[in-house]
Peer 1: 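Quick one: the structure is below, questions incoming.
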Amino acid sequence: MQSLTDRFGRVHNYLRISVTDRCNLRCLYCMPEEGVQFTDASNLLSYDDITEVVRTAAGLGITKLRITGGEPLVRPGLDGLIRQMSSIPGISDISLTTNGLLLAKQADALRDAGLNRVNISLDTLDSARFRFIARRGELRRVMEGIEAAGRAGFDPIKLNCVLLRGVNEDEIGSFLQMAMEQPLHIRFIEYMPIGHADDNWRNHYLPLARVLEVADSMGLQYRNRDDMRGNGPSDDYELIGGKGSFGLIHPISDEFCKRCNRLRLTADGYLKPCLYWMDELNVKPALGSSEAMEAMFRKAMDLKPASHEMAAKLADSALSHIPTERRMSQIGG
Ligand code: SAM
Ligand code: SF4
């Protein structure tokens, strides 16, 4: 088996799979308040279709999967998909990114089905602010989801926190304190202009160097942990004397593409070589033929660009390709 290696020598072993573009929230950095045109259920890849794509991907060296959305837990029967995928030879790690609202009810079933890890999105510890950022839902239910994930035995539990200038930057200290006191890994994420590069993004984008400034001002001791990094985009830190840790995902202020090892499959069946650019390949015509599906993955490798250019976008410089028009909820993050 020849591994999935792109023109720049990057080996791909990680597939992010979106199972739906629907969501029970409308986070202000992800989806417009009025929502987007959702994919008709008949145009979604079925769980059997997804399993077929994963079987070919596993034969090409994909070992790690992440289920995402939209909100993946709004699609019924997700534990069934996880059970199917966890029995595929070569798949060694299945994780989930969720907003946590429906997790309390499903955590045990997901764990039983073979889910290894969860990331739960949490941008604020204040319920009124939660309503402002997510526009719907209740913070209390997310906190219940985090507790249920712990009880179900997920370890580590990672929390994804998108930092927004003027909205939640004053909570960096509270999140760091949380990681000192609890065995949680807080991943701070820069706001990316996916499907939009409007005033909302320009006004609220916050470079993550701010996190280290806050940690220093609190007198926290931390150590960069290259060994925690794996080959993902996160720059991870151990908090000395603390129970948890934190990580920085800073695509704009410190581009991570040199280490990129991932492909994305959208809920409507498109393979995306890069989160940022518009190139995508429709896998539906290849269903039923593992040769045709393998050719899709090889083509995605050929289309894989050297990097995104979000920093150039921020500087209003010319870009080399056309950015995607999909919003993050239509790709999966
Ligand atoms: N609904 C699930 C959730 O919120 O965790 C999964 C899908 S969501 C698209 C995946 C991740 O992308 C979340 O952690 C979310 O905070 C992040 N995200 C969404 N839009 C983003 C943006 N414009 N910039 C940075 N991160 C974003
Ligand atoms: Fe939904 Fe997740 Fe996007 Fe928020 S970030 S709107 S929870 S898909």
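Just follow the structure's listing: the first ligand is 1, and inside any ligand the first atom is 1. These numbers come from the heavy atoms of this one structure, side chains and all, not from hydrogens, waters or symmetry mates.
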Peer 1: Under 2.8 Å from atom 1 (Fe) of ligand 2, which protein N, O or S atoms do you find? Ignore water molecules.
Peer 2: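 Result, waters dropped: Cys23 SG.
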Peer 1: Flag the pair Arg225 / Ser245 as yes when at least one side-chain heavy-atom distance between them is below 4.5 Å, and no otherwise.
Peer 2: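 A side-chain contact is absent here, since even the closest heavy-atom pair is not under 4.5 Å.
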Peer 1: Which residue and non-hydrogen atom of the protein lie closest to atom 2 (C) of ligand 1, and at what distance in Å?
Peer 2: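 Minimum-distance protein heavy atom for atom 2 (C) of ligand 1 reads Glu71 OE1, 3.4 Å.
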Peer 1: For the side-chain contact (heavy atoms from CB on, under 4.5 Å) test, which of Asp93, Asp79, Leu110, Leu65 pairs with Leu115?
Peer 2: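 Among Asp93, Asp79, Leu110, Leu65, the one meeting side-chain contact (heavy atoms from CB on, under 4.5 Å) with Leu115 is Leu110.
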Peer 1: For Ile189, run the side-chain contact (heavy atoms from CB on, under 4.5 Å) check against Leu163, Leu208, Asn160, Leu248 and tell me which one passes.
Peer 2: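 Of Leu163, Leu208, Asn160, Leu248, side-chain contact (heavy atoms from CB on, under 4.5 Å) with Ile189 is met by Asn160 alone.
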Peer 1: Considering heavy atoms of the protein only, find what lies nearest to atom 27 (C) of ligand 1 and give residue, atom and distance to 0.1 Å.
Peer 2: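 The protein heavy atom lying closest is Met328 CE, 3.6 Å.
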Peer 1: Are Glu190 and ligand 1 in contact, using a heavy-atom cut-off of under 4.0 Å?
Peer 2: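 It does, in that a heavy atom of Glu190 comes within the 4.0 Å cut-off of ligand 1.
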Peer 1: Can you pull out every ring pair (Phe, Tyr, Trp, His ring centres under 6.0 Å) where at least one residue sits in residues 261-282? Sequence neighbours excluded, please.
Peer 2: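 Residue pairs with at least one partner in residues 261-282: Trp277-His321.
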Peer 1: Applying salt bridge (Lys or Arg N to Asp or Glu O under 4.0 Å), run through Arg129 and Glu171 and close with a yes or a no.
Peer 2: CA-CA 11 Å; Arg129 189 173 283 176; Glu171 292 189 72; 2.8 Å; yes
Peer 1: Is the shortest N/O to N/O distance between Thr68 and ligand 1 below 3.5 Å?
Peer 2: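 No; every N/O pair is 3.5 Å or more apart.
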Peer 1: Does His204 have any ring-ring contact (aromatic ring centres under 6.0 Å, His included) partners at least two apart in sequence or in another chain, and if so, which?
Peer 2: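 ring-ring contact (aromatic ring centres under 6.0 Å, His included) check on His204 returns nothing, list empty.
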Peer 1: Regarding Gln84 and Thr51, do their side chains bring together a donor and an acceptor under 3.5 Å, going by distance alone?
Peer 2: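 The criterion, which ignores hydrogens and geometry beyond distance, is satisfied for Thr51 and Gln84.
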Peer 1: Using a plain distance cutoff, I'd like to know if Gly70 has any nitrogen or oxygen under 3.5 Å from a nitrogen or oxygen of ligand 1.
Peer 2: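 Such a contact does occur with ligand 1.
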Peer 1: Using heavy atoms and a threshold below 4.0 Å, how should the contact between Thr97 and ligand 1 be classified: side chain, backbone, both, or neither?
Peer 2: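 Contact part for Thr97 vs ligand 1: both backbone and side chain.
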Peer 1: Below 3.5 angstrom, do we get any N/O pair linking Tyr29 and ligand 1?
Peer 2: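 In this structure, Tyr29 places an N or O atom under 3.5 Å from an N or O of ligand 1.
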Peer 1: Any N or O of Ser329 that comes nearer than 3.5 Å to an N or O of ligand 1?
Peer 2: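 By distance alone, the answer is no.
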Peer 1: Backbone or side chain, does any N or O of Thr98 fall under 3.5 Å from an N or O of ligand 1?
Peer 2: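 N/O-N/O distance below 3.5 Å exists for this pair.
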Peer 1: Taking distance alone, with N or O pairs closer than 3.5 Å, would you say Ser121 contacts ligand 1?
Peer 2: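 Between Ser121 and ligand 1, an N or O pair is found under 3.5 Å apart.
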Peer 1: Under 6.0 Å between ring centres, would you say that holds for Tyr191 and His196?
Peer 2: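 Between Tyr191 and His196, the centre distance is under 6.0 Å.
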Peer 1: Say whether Val162, considering both its backbone and side-chain N or O atoms, lies within less than 3.5 Å of an N or O atom on ligand 1.
Peer 2: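 No, no N or O pair falls under 3.5 Å.
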Peer 1: Check this for me: does any side-chain nitrogen of one of Asp48 and Arg55 sit under 4.0 Å from a carboxylate oxygen of the other?
Peer 2: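 Judged by the 4.0 Å cut-off on N to carboxylate O distance, Asp48 and Arg55 do not form a salt bridge.
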Peer 1: Please tabulate, for side-chain N and O atoms in residues 26-38, each donor-acceptor pair with protein atoms closer than 3.5 Å (sequence neighbours left out).
Peer 2:
unit_1: Arg26; atom_1: NH1; unit_2: Cys23; atom_2: O; d: 2.9
unit_1: Tyr29; atom_1: OH; unit_2: Asp123; atom_2: OD2; d: 2.5

Peer 1: State, with a plain yes or no, whether a side-chain heavy atom of Arg111 is found less than 4.5 Å away from one of Phe154.
Peer 2: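 They are in side-chain contact.
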Peer 1: Return the closest protein heavy atom for atom 10 (C) of ligand 1 as residue, atom name and distance.
Peer 2: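 Scanning the protein heavy atoms, the shortest distance from atom 10 (C) of ligand 1 goes to Gly332 O, 3.7 Å.
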